[in-house]
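Below: the structure, in structure tokens.
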Amino acid sequence: MKVQPVRGMRDFYPEDMAFRNWLFERWRRASRRAGFVEVDGPELEPLELYTEKSGPEIAEQLYWLEDKSRRRLALRPEFTPTLARMIAARQAALPEPIRWFNISRCFRYERTQKGRLREFFQWNVDLVGIAGEIADAECISLAVDAMKEVGLGPEDVQVRINDRRLLAALVRHLGIAEDRVPQVFGILDKRDKVPAEALAGLLAEAGLEAQQRQGLERILAWQHLEDIDARELATPEVHAAVEAIHRLFALLADYGIAEWCRFDIGIVRGLAYYTGPVWEVHDCKGELRAIFGGGRYDRLLGDTGGKAMPACGFGGSDVILGILLGERGLRAEPETSTEYFVASASEASLPQVLQVVRHLRARNRSTQFDLKSGNLKRQMKKAADAGARFVVIVTEEFARSRRVTLRDMSSGDQRDVGLEELGA
RNA sequence: GUGGGCGUAGCUCAGUUGGAUAGAGCAUCGGGUUGUGGUCCCGAGGGUCGGGGGUUCGAAUCCCCUCGCUCACCCCA
């Protein structure tokens, strides 16, 4: 019987696993370099953890199931609610600021397509307890560091930064009704994704007054912070939001990553819990969906039953980054292979081979030998296929002399060595 | 949820207007006379042509249904 794998779930063959480990290692390295510590939680959470705050319609996109006691459980779609729960449970004892990162296996019940599977790994970074822009800058700096770590530069990827407070202020400045806001945000979000005509069409359909539409057109044309119109700046609320963005960019310059970052009024992000700066890392060609995304969510922890605490962070999945790195030929080399391959020159010397193997393994050397006991030629080929750096050839001499032949596979040089020298 | 594309060996694909035991390259395994790898040569295994039904003397090929994959839209924490 041939059993089909579950849609959107992933098999990791050795080469896939090699890439996954390579990537995770770099995420961990960058996180720790910035002083973040790793945490994790369960992959299964009560369904309500996700539906209570976001409404029941979110269940459409959740991978959920009923257990034997008819409890409704969700495979986690993201880590942040778990994080909020964990922080709330230990709040009094946690030293602030809390700097946690996590690499979680997440699930979403979605229609699969390029860069979107039902199972993925998400790197999640959160910095809790700091209200100032310095915390946002710290997170963005870490995201940039991770990009460097995997071999990408500012010509490959860019951090596009906006602020929810600016968006909110602009909406109020234009006098746009509350019920139009989702539509307006949708148009802003489409700015770089659809052609200008289509954007104009969307604007026309949005049911806005002429003045509001003109204002929005002007805003959509902003490319830099300096482009922000004096008419908008005259509003104190807008002015304050812009000042905050300036402060953030000044810090990013101090972090030495100004060339990686730019203002983008089109960054909205869907998640309702963002309250301040929001940002996404995109490939410069704009071919792929966001690689990382994050922002400030100062109300989430209080809303989740804990003490209200300022917080910001970001997340990003292995899928998009994997596609990008694959396209740029930046995929990982295979797992570091076997160091030593112990070969026997004569058929009957398995006990001697095992003696050498045990010796090397006891010295923590990655060692293998031919389990199918072929001739020496075959063993040499196996050793080469396994990527062994050295082949140890055991002859009948070994029983008497305790000496073996050590062959360096890259140079082809051979020499006789005593067993004690091996693997030292 | 809507729409497009595609299903032939583990992978990438050929397969002529429907015609005989369905092919190639790569990969895998074995061999090239019992002591040295990455090259080369020879050979083998592996496919109910996604599945079911229909048309036909005859279907990988034509028709219908179905399953799966994929891409875009929607959504996107």
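Residue numbering restarts at 1 for every chain, and letters A, B, ... go by the order of the sequence lines.
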Check: What pattern of brackets, bars and dots sums up RNA chain B from 5' to 3', given Watson-Crick or G-U wobble pairs under 3.5 Å, [ ] for crossing pairs and | for another strand?
Finding: (((((((..((((.....[...)))).(((((.......))))).....(((((..]....))))))))))))....
Margin query: For A:Asp385, give me all partners under side-chain contact (heavy atoms from CB on, under 4.5 Å), at least two apart in sequence or on another chain.
Written below: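 Per chain and number, A:Asp385 pairs via side-chain contact (heavy atoms from CB on, under 4.5 Å) with A:Lys381.
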Margin query: So, using side-chain contact (heavy atoms from CB on, under 4.5 Å) as the criterion, who are the partners of A:Val171 when residues are at least two apart?
Written below: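 A:Val171 satisfies side-chain contact (heavy atoms from CB on, under 4.5 Å) with A:Ile176, A:Val181, A:Phe185 once adjacent residues are dropped.
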Using the [atom1] atom as the point on both nucleotides, what is the distance between [M] and [N], in whole Å?
N: B:rU48; M: B:rG23; atom1: P; result: 15 Å
N: B:rU16; M: B:rG52; atom1: C1'; result: 29 Å
N: B:rG45; M: B:rG7; atom1: C1'; result: 24 Å
N: B:rA44; M: B:rA27; atom1: C1'; result: 14 Å
N: B:rG32; M: B:rG46; atom1: C1'; result: 23 Å
N: B:rU56; M: B:rU12; atom1: C1'; result: 34 Å
N: B:rU61; M: B:rA20; atom1: P; result: 13 Å
N: B:rG31; M: B:rC67; atom1: P; result: 47 Å

Note to self: Among A:Phe24, A:Phe292, A:Phe79, A:Trp100, exactly one meets ring pair (Phe, Tyr, Trp, His ring centres under 6.0 Å) together with A:Trp123. Which residue is that?
What the structure shows: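 Answer after filtering A:Phe24, A:Phe292, A:Phe79, A:Trp100: A:Phe292.
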Notebook entry, point to check: Does a side chain donor of either A:Glu119 or A:Tyr63 reach within less than 3.5 Å of an acceptor in the other side chain?
Noted result: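 A:Glu119 vs A:Tyr63: no donor-acceptor pair found between side chains.
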Margin query: Is it the case that the side chains of A:Gln414 and A:Arg407 hold a donor-acceptor pair, with the cut-off being a distance below 3.5 Å and no angle test?
Written below: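 Looking only at side-chain atoms, A:Gln414 and A:Arg407 do form a donor-acceptor pair, the distance falling under 3.5 Å.
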Next item on the list: Return yes if the base of B:rA77 and the side-chain atoms of A:Gln61 contain a donor-acceptor N/O pair under 3.5 Å, otherwise no.
Entry: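 When only heavy-atom distances are counted, A:Gln61 does reach the base of B:rA77 through a donor-acceptor pair under 3.5 Å.
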For [X] and [N], give me the distance from atom [atom1] to atom [atom2], rounded to whole Å.
X: A:Asp385; N: B:rC29; atom1: CG; atom2: P; value: 8 Å
X: A:Glu15; N: B:rG10; atom1: CD; atom2: P; value: 16 Å
X: A:Tyr50; N: B:rC76; atom1: OH; atom2: C1'; value: 16 Å
X: A:Arg108; N: B:rC74; atom1: CZ; atom2: C1'; value: 16 Å
X: A:Lys381; N: B:rU36; atom1: NZ; atom2: C1'; value: 14 Å
X: A:Leu376; N: B:rU34; atom1: CG; atom2: P; value: 12 Å
X: A:Met380; N: B:rG37; atom1: CE; atom2: C1'; value: 5 Å
X: A:Glu397; N: B:rG35; atom1: CD; atom2: P; value: 16 Å

Margin query: Between A:Gln368 and A:Thr338, is the side-chain hydrogen bond (donor to acceptor under 3.5 Å, both in side chains) condition met? List the steps.
Written below: CA-CA 7 Å; A:Gln368 58 170 302; A:Thr338 305; 2.6 Å; yes
Next item on the list: Could you please spell out the steps behind the side-chain hydrogen bond (donor to acceptor under 3.5 Å, both in side chains) verdict for A:Glu138 and A:Tyr255?
Entry: CA-CA 8 Å; A:Glu138 179 83 343; A:Tyr255 270 97; 2.5 Å; yes
Check: Where each residue is assigned the nucleotide of RNA chain B containing its nearest heavy atom, which of A:Thr405 and A:Lys193 is assigned the position nearer the 5′ end?
Finding: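 Between the two, 5'-proximity favours A:Thr405.
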Check: Closer to the 5' end of RNA chain B via nearest nucleotide, is it A:Ser410 or A:Phe107?
Finding: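 It is A:Ser410, whose closest nucleotide lies nearer the 5' terminus.
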Expected rows: protein N/O vs nucleotides 30-33 of chain B N/O, under 3.5 Å:
{"unit_1": "B:rG30", "atom_1": "OP1", "unit_2": "A:Arg378", "atom_2": "NH1", "d": "2.7"}
{"unit_1": "B:rG30", "atom_1": "OP2", "unit_2": "A:Arg378", "atom_2": "NH1", "d": "3.3"}

Would you list the protein and nucleotides 65-73 of chain B atom pairs, both N or O, that sit under 3.5 Å from each other?
{"unit_1": "B:rC69", "atom_1": "OP2", "unit_2": "A:Arg7", "atom_2": "NH2", "d": "3.2"}
{"unit_1": "B:rC71", "atom_1": "OP2", "unit_2": "A:Lys114", "atom_2": "N", "d": "3.0"}
{"unit_1": "B:rA72", "atom_1": "OP2", "unit_2": "A:Gln113", "atom_2": "OE1", "d": "3.4"}
{"unit_1": "B:rA72", "atom_1": "OP2", "unit_2": "A:Lys114", "atom_2": "N", "d": "3.4"}

Look at all strands and tell whether [X] reaches a base, only sugar-phosphate, or nothing, counting heavy atoms closer than 4.0 Å.
X: A:Gly293; value: nothing
X: A:Gln379; value: nothing
X: A:Glu396; value: base
X: A:Gln414; value: base

Next item on the list: Say whether, by atom type as modelled, one donor and one acceptor occur between the side chain of A:Arg296 and the main chain of A:Gly132 under 3.5 angstrom.
Entry: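 Yes; at least one donor-acceptor contact below 3.5 Å.
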Notebook entry, point to check: Counting only N and O atoms by type, is there a donor-acceptor contact under 3.5 Å from the side chain of A:Arg72 to the main-chain atoms of A:Leu47?
Noted result: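 Pair absent, no side-chain N/O of A:Arg72 close to backbone of A:Leu47.
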Item checked: Contacts of type side-chain hydrogen bond (donor to acceptor under 3.5 Å, both in side chains), residue A:Arg85, not counting sequence neighbours ->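 With sequence neighbours excluded, A:Arg85 shows a side-chain hydrogen bond (donor to acceptor under 3.5 Å, both in side chains) to A:Glu45, given in chain and number order.
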Check: Side chain of A:Thr395: nearest nucleotide among B:rG35, B:rU36, B:rA77?
Finding: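 Side chain of A:Thr395 sits closest to B:rG35.
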Notebook entry, point to check: If you measure from the Lys or Arg side-chain nitrogens to the Asp or Glu carboxylate oxygens, is any gap between A:Arg402 and A:Glu420 under 4.0 Å?
Noted result: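 Not counted as a salt bridge, because no side-chain N and carboxylate O are separated by less than 4.0 Å.
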Checklist line | Salt-bridge criterion met for A:Glu237 and A:Arg172 (N-O under 4.0 Å) | finding: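 Judged by the 4.0 Å cut-off on N to carboxylate O distance, A:Glu237 and A:Arg172 do form a salt bridge.
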Notebook entry, point to check: Do A:Tyr273 and A:Tyr297 have their ring centres less than 6.0 Å from each other?
Noted result: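 Yes, they do, as the ring centres are separated by less than 6.0 Å.
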